[in-house]
Structure formats: C-alpha cells, structure tokens
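What follows is a set of notes on a single structure, which appears directly below.
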Amino acid sequence: MTAEEAAALVQPGSCIGFSGFTLVGYPTQVPKAIAGLGRADKLTVLTGASVGDELDGELTRAGLVAFRAPYQSDKALRNAINAGQVGYEDFHLSHLPMMVNRGVGPRLDWAIVECSALTEDGIIPTASVGATDSFVRMADRVILELNQDLPDALYGMHDIFTVGDDVIPIRSASDRIGLPYIPCRADKIAAIVLTGDSGSYPHFKEPDDISVQISENIVGFLKAEVEAGRQPQNLRPIQSGVGNVANAVLSGLGRDFRGLSMYTEVMQDSALKLVRDGVIAQASTTALSLSREMQEELYGNIDYYRERIVIRPQEIANNPEVVRRLQLISMNTPIEVDIYGNVNSTHVMGSKIMNGIGGSGDFARNAGLTIFSTGSLAKNGDISCIVPMVSHVDHTEHDVDVIVTEYGVADLRWKTPRQRAEAIIENCAHPDYRPMLREYFEEACRTAGGHTPHVLSKALSWHERFLNTGSMKL
C-alpha cells in the first residue's frame, strides 16, 4: 500500500506501538500520513525510546496524541506535555515491554514498524530493536515500512529473545540466545509500505574542554579501581548513556584500555569507533544511534561489525537480572545532583520534563558500579548542577556510587551522608558555588542536625532564586 492507504486503516482512539529507539529504526511515512489525514485523534503512542520529528512532532502538531510513553526528545511534544496538552508517563525502559507482554495498560491495536527486510519467518529489524518485538507480538495488526535503503546484511545482527519464567542465559556481551528475526504471522500484517528514507541522525559536538576533563577524571578513577583490584585489567562491561559527555567519556577510555566489552542500551559514534579500532572487542545494545558518517561506516563494513555487535530487545538490553550478573560499569548524565548524592535526570526546575528517565534507572539500581557525570554549571554559569537538594529525584543516594564533574571525583561508597556532602562539595562543585554550598551545609548541620541535615526553608531556595532572577547566584 501507499503510506496514505496504510494510515487510513488507523482509527481514532487507537493505541499504537511504533518501532524506534533514540532516532533509529522508527517509521516516518505512515506517521506523517496519519498526521496529514488528521482523522485518527486521541491516540496512545508508545515507542521504545525517543524517535524523530517525523513521528512525534508531526502527530503532536496535528493534535492527534492524547497519551505518550515512555521516553521522548522532540521539542514540539515536550512543549505539549509541559503545557498539559498531552498526557505523559515516564517510566523505566525495561518496564515497557514487560507491561505490554503482560497486558498491563491499553490493548495494542497496531504495531507500526520500520524494518530492513521481511522473510517467511518474520521481520528483520533495522539498527535498533527497542520494544518492537513486544509490539509485534501483542498488537492486533501490524503495518510495516520496508526501508529499501537499508542493507540486507543486517540479517544476523539481531538476537530476539522472549523473557519468561526461566533465567536469561547471558553471561557475556557477545552471547546470542535467540532468533535473528522478530516472529510474525503473515496474516497479522495489514500493510507493507515501501520506503527509502534514511530518517534523522543525531548530531554530536566535538568534545569541549569540560567534557574532556570529565572523561580524564573518569578514566583516572577507573585506572585506580584496576590498581586497587576492584576491576579487572579490561574492566567489567560498560554501559553508557547518550549525549556529548557520554561520547567524550567513551573516547577517553580508548587511550588507556583494550579488550573492553560493552553491554548497553545505545551505542553512539564513539562506541562504534572503539569497536572499529579494536578497543571494544564485543558489544551488546538495543540501538546503534549514529551520525551519518558513522552510519555509513557501519553499513560499509557490516560483516565486520555483525561479528562484534549484537542488537537485542530493550527488555534484554536493560534487564536487571543481566545487569547485576555482569556487574556493569554504568555511566550516565544527570541534570543536577544534590550534596547527598540524589540525582535528577528528568526535570528542569522541578516541574518541566526534559526527556525522561530512559534506561538510566535500570542500570543505576543494578550495576556493579554506578557513575553519574556532568559539567558543574549550566546556563552560562547561572545554574549550579550541584545543589543543596535536587528539585526532582530519579535516582536516590542509595543507587549512586560516584559523582564526577570537570573538577573531580566524589566516591560516595561507604560514606555517611555528611561525608558524601563534604566529598561532593569539595571535589565536584564549581568554585563560584562552593562557598554557598559550604554555608548551606554548615547551617544545616548546626541548626537541623540529624542523619541527613537540611534546612527545609532553604533547601530549594536556589531554584526559586533562578526562577525569580534568572540566576542561582546570590
């Protein structure tokens, strides 16, 4: 069918599971056609993680989205969510397929999926899987966008395994335990739309001085962990979040380590380069989120990468059982951190959602070593990323081992709350805000006392000051 003919099948009030994960593997033509028709309103839209403007943006501007979950990064959708025009639930990415498979939540009317090929056995995904396998399994009907620009050689790169009551038999990043395709009955497919759309690409900035310094601090910390015997020479498997800081951190690892493995939800440019250069020997992911240049590198040398990279469903990539067994080194980026080690990954000034928690909670709670790294400042210095109390909590102090900024490392393991506060203030805070943090902490210890001292009347005063004056500075 044409995209318009396929879009006409979708009825108002439908619940749709779209393929896609961090701008990779999402359908573009059918969502745009649904938006163009403007008829199927009050939609519940599910994806594995963030998708491009051709999906979230188009459907939002057309006023067709009533509810969205579990992660997004589109500006138009974010604004609609924060304005109360679109309902949004932010939850751990490993929970989405679990709930879909168990029938928790709305019934899936449609799975709309971009794929690289179709065989009599099932669907060959693109460079991401995300929650596509669960959507296809549980949806009443399936619409496929068959992207003819993608290489057939993607076949064999995927490992589709359905979680049940048994142990997930993964003991290394390279283990393959499932099928190279997503099973799907032919009579379930309502339409096939032929496309040749390469979709969106993430754009990565060159590492700035702050990102480079953060990377050096993390690498130095990990080298010390090896010297202390707490990590093997080639480290335990690495998980890394998305963004420019994460890219810089991974690049830095390549200067000091070899024979690494990676077990993560997203591989970006720097990770693929480490595979190319032999620094990462084996990698597992649910999406390869690459710039145009590195996507060409992947597809141009697909046989090489297919032997070294496994693309799994997010229910496996983010599964707490596997994360704990492999004792991952988890590295993610927060919006802000407070002096006791609580982390806000999702909300600006306590109220406005940015993107979502994604998979950071899946990894932080269960990893062998959990690191959160950020620049010490935001908004040209008007915001301190180290604050007395975070304005929203995504990761409690119990799930955070190490905080890193360009100024240093705060190892929070085996420290009391007061010791954590001293380490974070002295090692991680920007010098412009360090005296203010010391003053707050000293007053809290003197007047409030207790196990975790806070002056409740002042704990969020920095955020209030920014909202009133445009700066956290006094």
Side-chain angles (χ1 to χ4, degrees), residues 207 210-228 230-232 234-257 260-268 270-271 274 280 318 320 323-324 326-346 357-376 385-386 390 393-415 419-420 423-429:
I210 291 175
S211 297
V212 170
Q213 187 59 56
I214 291 171
S215 173
E216 291 179 359
N217 290 342
I218 291 177
V219 171
F221 171 78
L222 292 175
K223 289 169 68 176
E225 289 292 286
V226 172
E227 292 172 5
R230 291 187 287 266
Q231 288 285 334
N234 60 343
L235 302 178
R236 292 189 175 90
I238 297 163
Q239 177 269 324
S240 176
V242 299
N244 294 304
V245 172
N247 247 342
V249 170
L250 286 177
S251 296
L253 290 174
R255 294 191 296 270
D256 293 275
F257 294 98
L260 300 178
S261 63
M262 190 171 203
Y263 194 91
T264 191
E265 64 177 14
V266 181
M267 291 182 66
Q268 298 186 139
S270 56
L274 294 181
I280 293 179
N318 292 40
V323 172
R324 177 63 62 86
L326 299 183
Q327 301 181 58
L328 300 189
I329 300 173
S330 172
M331 299 184 291
N332 289 283
T333 304
I335 290 175
E336 61 181 359
V337 179
D338 71 26
I339 59 174
Y340 296 114
N342 298 292
V343 170
N344 170 17
S345 293
T346 60
I357 193 170
S360 58
D362 295 324
F363 294 102
R365 171 63 61 90
N366 301 289
L369 178 63
T370 295
I371 301 171
F372 282 94
S373 61
T374 178
S376 63
C385 295
I386 309 297
V390 289
V393 181
D394 292 294
H395 314 281
T396 73
E397 64 202 68
H398 312 291
D399 302 327
V400 180
D401 294 324
V402 181
I403 302 297
V404 182
T405 71
E406 72 273 28
Y407 286 98
V409 176
D411 186 349
L412 309 182
R413 296 172 296 179
W414 292 91
K415 286 185 171 63
Q419 290 171 331
R420 289 198 293 264
I424 291 172
I425 293 170
E426 299 306 321
N427 296 340
C428 298

Could you state the interatomic distance from [atom1] ([X]) to [atom2] ([Y]), rounded to the nearest 0.5 Å?
| X | Y | atom1 | atom2 | answer |
| --- | --- | --- | --- | --- |
| Ile238 | Met267 | CD1 | CE | 10.5 Å |
| Ser215 | Ile210 | OG | CD1 | 13.5 Å |
| Leu260 | Leu250 | CG | CG | 9.5 Å |
| Asn217 | Asn427 | CG | CG | 10.0 Å |
| Phe372 | Glu336 | CZ | CD | 13.0 Å |
| Phe363 | Leu369 | CZ | CG | 14.0 Å |

Pairwise side-chain contact, [X] with [Y], heavy-atom cut-off 4.5 Å (strictly under):
| X | Y | answer |
| --- | --- | --- |
| Lys223 | Phe257 | yes |
| Met331 | Thr370 | no |
| Ile425 | Ile386 | no |
| Arg236 | Glu225 | no |
| Cys385 | Val337 | no |
| Gln268 | Val266 | yes |
| Asp411 | Phe221 | yes |
| Ile424 | Tyr340 | no |

Which is it for Val226 and Leu235 under the side chain to side chain contact (heavy atoms under 4.5 Å, CB included) test, yes or no, and what are the steps along the way? CA-CA 7 Å; Val226 172; Leu235 302 178; 3.7 Å; yes

Heavy-atom pair of closest approach, residues Ile214 and Gly375: CD1-N, 3.6 Å

What closest approach, in Å, do Thr396 and Val400 show between heavy atoms, and which atom pair accounts for it? O-CG2, 3.4 Å

Without hydrogens or angle criteria, can the side chains of Ser330 and Asn332 be said to hold a donor-acceptor pair below 3.5 Å? yes

Going by distance alone, is a donor N or O of one side chain under 3.5 Å from an acceptor N or O of the other, for Ser345 and Asp394? no

Kindly list each side-chain donor-acceptor pair under 3.5 angstrom involving residues 402-410, sequence neighbours excluded, with atom names and distances?
residue, atom, partner, partner atom, Å
Thr405, OG1, Tyr407, N, 3.1
Thr405, OG1, Cys428, O, 2.8
Glu406, OE1, Ser376, N, 2.9
Glu406, OE2, Ser376, OG, 2.7
Tyr407, OH, His430, NE2, 3.3

Contacts of Glu426 that satisfy side chain to side chain contact (heavy atoms under 4.5 Å, CB included) - sequence neighbours left out: Arg434, Arg438

Check: Leu412 main-chain N/O paired with Arg420 side-chain donor or acceptor under 3.5 Å: no

Salt bridge (Lys or Arg N to Asp or Glu O under 4.0 Å) between Arg413 and Asp401, intermediate numbers included: CA-CA 6 Å; Arg413 296 172 296 179; Asp401 294 324; 5.6 Å; no

Contacts of Asp338 meeting side chain to side chain donor-acceptor pair (under 3.5 Å) (sequence neighbours excluded), chain-then-number -> Asn342

If you apply the rule side chain to side chain contact (heavy atoms under 4.5 Å, CB included), what do you find for Gln239 with Met262, and how did you get there? CA-CA 6 Å; Gln239 177 269 324; Met262 190 171 203; over 6 Å; no

